[in-house]
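What you are looking at is a predicted structure, and each value in this text was computed from that prediction instead of being measured. In listed order, ligands and their atoms are each counted from 1.
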Amino acid sequence: MNIILLGLPGAGKGTQAKIIVEHLHIPHISTGDLFRKAAQERTALGLKAKAYMDTGELVPDEITIGIAEDRLAQSDCKEGFLLDGFPRNLNQAHALKSYLAASGKAIDHVIYVKVDERLLFERLTGRRVCSGCGATYHIAYQPQAVEGRCNSCGGVVIQRDDDQADTVAERLNINKALTDQLADHYKTEGSLRVIDGSKEIGDVTEQLLKIFAAP
Ligand code: AP5
Ligand code: ZN
């Protein structure tokens, strides 16, 4: 099954993706995670991407489309994949469609995880991530273990550089119109489903699994 999770920053795409891929046995592909890994490894691409990410801007399409296609070409994507954070504009959506069509593939589900915008700011500024295993926490909704240590690996739990309040506001601004355009595009194509991402994490997962279980 080939899936796209659409949604504004903080909608819960990453949180849900990690749960869903365990059920569907497909890889979770997050362009944000790929960029953060490259930045951590201090590759040329990673350092270039980091400069954009730190200000909340989008990384240019020529870099982003390349990194997404390289990941999709790996053998674990043969039976399906879940894309999180890609595509993020119409140009990337068109590039993805052409790339998949060249190998006779298409997207099966585009799911827009819609969340009341008032919640997004709080979710992002309260998010904490494990520097060891990448697990996601929230100071109010998903607390980590005591003394800032990860529940699953014991790693140090930190705040993402782009989750500072001013960068969060910029990210929401930049992504709003683009996400609406993408939702309209996939609606016209007939592949869009909208779910309520404002509910509790378990409820959102339930909505998603229902869609994937439908014949
Ligand atoms: P990326 O890493 O993709 O960030 P994003 O899209 O801004 O999305 P987030 O990861 O912030 O949000 P999420 O929806 O995954 O929320 P999460 O599940 O963590 O991209 C980062 C940057 O990389 C971009 O700004 C850009 O520069 C660059 N980039 C990436 N892709 C690109 C592309 N295609 N083109 C160009 N540039 C690109 O949840 C958030 C918080 O809420 C967590 O603390 C979580 O615990 C909590 N939470 C989640 N669900 C719930 C719930 N139901 N109830 C309560 N709390 C919840
Ligand atoms: Zn961890």
Side-chain angles (χ1 to χ4, degrees), residues 4-20 28-39 46 48-69 71 83-93 95-96 112-116 119-145 148-163 167-168 170-176 178-179 182 195-208:
I4 295 174
L5 280 190
L6 271 188
L8 283 171
K13 304 179 298 296
T15 300
Q16 294 301 328
K18 288 186 182 93
I19 303 171
I20 295 299
H28 168 203
I29 302 177
S30 153
T31 38
D33 286 350
L34 293 172
F35 287 139
R36 276 184 290 279
K37 184 166 180 280
K48 197 165 178 192
K50 186 170 168 27
Y52 292 96
M53 294 167 84
D54 283 351
T55 59
E57 280 175 74
L58 293 194
V59 177
D61 284 351
E62 58 272 22
I63 300 178
T64 306
I65 292 167
I67 202 173
E69 290 184 354
R71 180 65 188 87
L83 286 169
D84 156 13
F86 181 88
R88 205 174 283 236
N89 59 31
L90 288 177
N91 190 35
Q92 292 179 13
L96 174 66
Y112 183 9
V113 184
K114 211 163 185 177
V115 174
D116 190 312
L119 285 177
L120 296 174
F121 190 83
E122 189 197 353
R123 282 196 187 176
L124 290 168
T125 51
R127 172 167 55 190
R128 299 293 182 269
V129 289
C130 173
S131 54
C133 71
T136 302
Y137 296 98
H138 189 281
I139 51 173
Y141 307 125
Q142 264 190 305
Q144 65 266 33
R149 291 281 174 172
C150 172
N151 282 330
S152 43
C153 80
V156 180
V157 172
I158 56 166
Q159 185 171 34
R160 256 169 62 172
D161 290 343
D162 60 349
D163 280 345
T167 317
V168 164
E170 187 63 16
R171 282 163 62 204
L172 290 171
N173 248 339
I174 290 173
N175 282 283
K176 193 174 167 353
L178 294 174
T179 306
L182 277 177
I195 63 162
D196 182 359
S198 308
K199 299 255 188 328
E200 284 181 14
I201 292 172
D203 292 336
V204 180
T205 307
E206 220 170 279
Q207 294 178 66
L208 285 164

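- Of the polar atoms of Asp163, none of the N or O atoms is found under 3.5 Å from an N or O of ligand 1, judged by distance alone.
- Each of the following atoms of ligand 1 lies closer than 4.0 Å to a heavy atom of Gly14: 13 (P), 15 (O), 18 (O).
- In terms of heavy atoms, His28 sits closest to Gly14 at CE1-O, 4.3 Å.
- Distances from atom 48 (N) of ligand 1 to the heavy atoms of Arg123, His138, Glu170 put Arg123 nearest.
- In terms of polar-atom proximity, Ala11 is counted as a contact of ligand 1, with an N or O under 3.5 Å from an N or O of the ligand.
- The residue from Lys50, Gln92, Arg36 that puts a heavy atom closest to atom 35 (N) of ligand 1 is Gln92.
- For Thr136, every heavy-atom contact with ligand 1 shorter than 4.0 Å involves the side chain, none the backbone.
- Lys18 and Thr136 form a side-chain donor-acceptor contact under 3.5 Å, judged by distance and modelled atom types alone.
- Residue Arg171 holds the heavy atom nearest to atom 11 (O) of ligand 1 of all those in Gln16, Glu122, Glu200, Arg171.
- Considering backbone and side-chain N/O of Thr31, one or more are found under 3.5 Å from N/O of ligand 1.
- Using 4.0 Å as the threshold, Ser30 has no heavy atom nearer than that to any atom of ligand 1.
- For ligand 1, the polar-atom distance check finds an N/O of Gly12 within less than 3.5 Å of one of the ligand's N/O atoms.
- Taking all heavy atoms of Arg88, Lys18, Met53 into account, the minimum distance to atom 28 (C) of ligand 1 is reached by Met53.
- Closest approach of Leu182 and Ala93 over heavy atoms only: CD2-CB, 3.8 Å.
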Task: side chain to side chain donor-acceptor pair (under 3.5 Å) between Gln16 and Thr205, intermediate numbers included - done: CA-CA 6 Å; Gln16 294 301 328; Thr205 307; 2.6 Å; yes
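- Here the protein heavy atom with the shortest distance to atom 56 (N) of ligand 1 is Tyr141 CD1, 3.3 Å.
- Looking at Gly85 next to ligand 1, an N or O pair under 3.5 Å apart turns up.
- In terms of polar-atom proximity, Arg128 is not counted as a contact of ligand 1, lacking any N or O under 3.5 Å from an N or O of the ligand.
- For Thr15, heavy-atom contacts with ligand 1 shorter than 4.0 Å involve the backbone as well as the side chain.
- Considering backbone and side-chain N/O of Leu124, none are found under 3.5 Å from N/O of ligand 1.
- Considering Lys13, Lys199, Arg160 only, the shortest heavy-atom separation from atom 4 (O) of ligand 1 involves Arg160.
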